[in-house]
Colleague: 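Below is the structure I would like to discuss, written out as structure tokens.
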Amino acid sequence: VQLQASGGGLVQAGGSLRLSCVASGGTYTNYAMGWFRQAPGKEREFVAAISWGGTNWDLESSVKGRFTISRDNAKNTVYLQMNNLKPDDTAVYYCALRRRNFDLRGPYEYWGQGTQVTVSS
């Protein structure tokens with residue numbers, strides 16, 4: 001399984017970005033997908049995750065009301081819409097795939113390479 005994340009970049013505070021992550025290299029169903037981030041000097045932290053059918057999701061408290069996670073199973077793709085970005089959101093964002101459709105916070109077995117998000121003040 002390979003995960004390819006894209007959509008990161010440099011944005012001013014208050015701006016928006018949409019991250020995408022495509023899974024390839026296998027056939028799989030009934031799996032959860034999530035986003036994590038790691039800021040310089042900090043540990044990687046959970047951001048958001050969504051179940052296979054899209055009916056269950058989980059968001060880290062600091063991003064609730066600003067970030068939305070969604071997925072398109074026909075395209076094996078998960079999205080993270082990030083609005084009202086803040087400088088504290090600056091980090092490398094990683095997508096991940098979990099071969100279970102519960103316990104959305106993990107653990108995750110497969111990880112993408114990460115995409116940089118930088119929010120300027």
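Reckoned from all heavy atoms, side chains included, excluding hydrogens, waters and symmetry mates. Owing to the predicted nature of the structure, the values given are computational and were not obtained by experimental measurement.
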Colleague: Do V47 and V11 land in one hydrophobic cluster if side-chain heavy atoms of ILVMFWY residues count as linked below 4.5 Å?
Modeller: yes
Colleague: Would you indicate whether the side-chain heavy atoms of L97 and V1 approach each other to under 4.5 Å?
Modeller: yes
Colleague: Residues in side-chain hydrogen bond (donor to acceptor under 3.5 Å, both in side chains) with E60, at least two apart?
Modeller: S62
Colleague: Can you name the residues that form a side chain to side chain contact (heavy atoms under 4.5 Å, CB included) with Q116, not counting sequence neighbours?
Modeller: T90, V92, T118
Colleague: L19 and M82: which non-hydrogen atoms are nearest, and at how many Å?
Modeller: CG-CE, 3.7 Å
Colleague: Which pairs count as disulfide bond (SG atoms under 2.5 Å apart) when at least one residue sits in residues 47-84, sequence neighbours excluded?
Modeller: none
Colleague: How long is the span from the OG atom in S51 to the CG atom in D58, to the nearest 0.5 Å?
Modeller: 10.5 Å
Colleague: Suppose we screen for ring pair (Phe, Tyr, Trp, His ring centres under 6.0 Å). Which residues come up paired with Y94, at least two apart in sequence or across chains?
Modeller: none
Colleague: Can you list everything that forms a salt bridge (charged side-chain N to carboxylate O under 4.0 Å, His left out) with R18? Sequence neighbours excluded, please.
Modeller: none
Colleague: If I compare all heavy atoms of T115 with all of A5, which pair ends up nearest, and what's the gap?
Modeller: CG2-CB, 4.3 Å
Colleague: Tell me, which pairs form a ring-ring contact (aromatic ring centres under 6.0 Å, His included) where one or both residues lie in residues 95-121, sequence neighbours left out?
Modeller: F36-Y108, F36-W111
Colleague: Mind listing the closest non-hydrogen atom pair of A32 and N101 along with its distance?
Modeller: N-OD1, 4.3 Å
Colleague: How would you list all residue pairs meeting ring-ring contact (aromatic ring centres under 6.0 Å, His included) that involve residues 57-84, not counting sequence neighbours?
Modeller: none
Colleague: Please list, chain by chain and in numerical order, all residues satisfying side-chain hydrogen bond (donor to acceptor under 3.5 Å, both in side chains) with Q81, sequence neighbours excluded.
Modeller: N83
Colleague: With sequence neighbours excluded, what pairs up with R98 under the side-chain hydrogen bond (donor to acceptor under 3.5 Å, both in side chains) test?
Modeller: none
Colleague: For the pair R71 (side chain) and T77 (backbone), establish whether a donor and an acceptor sit closer than 3.5 Å, ignoring hydrogens and angles.
Modeller: no
Colleague: Tell me, please, which residues at least two apart from D103 pass side-chain hydrogen bond (donor to acceptor under 3.5 Å, both in side chains).
Modeller: none
Colleague: I need the N56 CG to L104 CG distance, nearest 0.5 Å.
Modeller: 6.5 Å
Colleague: Are the side chain of R100 and the backbone of P107 linked by a donor-acceptor contact shorter than 3.5 Å?
Modeller: no
Colleague: Are L85 and F46 linked, directly or through other ILVMFWY residues, by side chains that come within less than 4.5 angstrom of each other?
Modeller: no
Colleague: Side-chain contact, heavy-atom cut-off 4.5 Å: L3 with V22?
Modeller: no
Colleague: I need the full list of disulfide bond (SG atoms under 2.5 Å apart) pairs touching residues 61-115, with sequence neighbours left out, sorted by first then second residue.
Modeller: C21-C95
Colleague: What closest approach, in Å, do L59 and A48 show between heavy atoms, and which atom pair accounts for it?
Modeller: CD2-CB, 3.3 Å
Colleague: Compare every heavy atom of V78 with every heavy atom of M33, then report the nearest pair and how far apart it is.
Modeller: CE-CG1, 3.6 Å
Colleague: Just by modelled atom types, is the Q4 backbone N or O under 3.5 Å from a matching donor or acceptor in the Q113 side chain?
Modeller: no
Colleague: Closest approach of A13 and S121, non-hydrogen atoms and distance?
Modeller: CB-CA, 4.4 Å
Colleague: Under the criterion ring-ring contact (aromatic ring centres under 6.0 Å, His included), I'd like the reasoning laid out for Y93 against W35: C-alpha separation, chi angles, the key distance, then a yes or no.
Modeller: CA-CA 7 Å; Y93 283 71; W35 289 96; 7.3 Å; no
Colleague: Can you pull out every salt bridge (charged side-chain N to carboxylate O under 4.0 Å, His left out) where at least one residue sits in residues 30-49? Sequence neighbours excluded, please.
Modeller: R37-E45, R37-D89
